[in-house]
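So the structure is just underneath, and the comments pick up after that.
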Amino acid sequence: MYFPKILTIEASEKYKLKIVFDDGTKGIYDVADIAGKGVFKIWDAGNNFFNVHINKVSGAISWPGEIDIDTLNAYCSIKGISADQFIHKQVNLATN
């Protein structure tokens, strides 16, 4: 089953991530809805949000301190589909 991989990521502005995926999908992922909550409070300290990177092991969207967010949700948000729709499509491709 295919899962999208991030080729490049950068914080284009506070709480907005500019992402390019390996299938050519690209766009802005807005994470303002989780900013300031739980572990994501660290984004508000200084310029911590702008220290985003791709985790070398997991491929996740990451920040220092082992703060990660899900790559699939970012991909689906940019594509305008749900994660369930994405998985259903992948299962159909694998069985055909």
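Each residue takes its place number in the sequence, starting with 1.
- No single ILVMFWY cluster, assembled from side-chain heavy atoms under 4.5 Å apart, contains both Val20 and Ile9.
- Closest non-hydrogen pair, Pro64 versus His53, comes out as N-CE1, 3.9 Å.
- Under the side-chain hydrogen bond (donor to acceptor under 3.5 Å, both in side chains) criterion, Ser58 pairs with Asn55, sequence neighbours left out.
- You'll find the side chain of Phe49 reaches within 4.5 Å of the side chain of Leu17, heavy atoms only.
- Contacts of Ser77 classified as side-chain hydrogen bond (donor to acceptor under 3.5 Å, both in side chains), with partners at least two apart in sequence or in another chain: none.
- Listed by chain and number, the residues in a side-chain contact (heavy atoms from CB on, under 4.5 Å) with Gln90 are Met1, Tyr2, Phe86, Leu93 (sequence neighbours excluded).
- Note that the NZ atom of Lys56 and the CD1 atom of Ile54 stand 10.5 Å from one another [nearest 0.5 Å].
- Residues forming a side-chain hydrogen bond (donor to acceptor under 3.5 Å, both in side chains) with Asn92 (at least two apart in sequence, or on another chain): His88.
- Residues Phe50 and Ala11 share a closest heavy-atom pair of CD2-CB, 3.4 Å.
- Taking a 4.5 Å side-chain heavy-atom cut-off between Ile, Leu, Val, Met, Phe, Trp and Tyr, the cluster of Ile28 contains only that residue.
- Across Cys76 and Ala83, no two heavy atoms sit closer than the pair SG-CA, 3.7 Å.
- Using modelled atom types and a 3.5 Å distance limit, the side chains of Asp84 and Ser82 yield no donor-acceptor pair.
- Side chains of Asp44 and Lys14 form a contact here, defined as non-hydrogen atoms less than 4.5 Å apart.
- With a 4.5 Å cut-off on side-chain heavy atoms, Ile61 and Ile19 count as touching.
- The shortest heavy-atom contact between Asn48 and Trp63 is O-CD1, 3.3 Å.
- Using a 30° and 60° split on the angle between ring planes, Trp43 and Tyr15 fall in the tilted class, from 30° to 60°.
- Applying side-chain hydrogen bond (donor to acceptor under 3.5 Å, both in side chains) to Ser62 and the options Thr71, Asp68, Asn51 leaves one that passes, Asp68.
- Under a hydrophobic-cluster definition in which Ile, Leu, Val, Met, Phe, Trp and Tyr are linked whenever side-chain heavy atoms come within less than 4.5 Å, directly or via other members, Ile81 and Phe21 are assigned to the same cluster.
- Looking at residues two or more places apart in sequence or on another chain, you find no side-chain hydrogen bond (donor to acceptor under 3.5 Å, both in side chains) involving Asp30.
- When all heavy atoms of Ala60 and Ile69 are compared, the closest pair comes out as CB-O, 3.9 Å.
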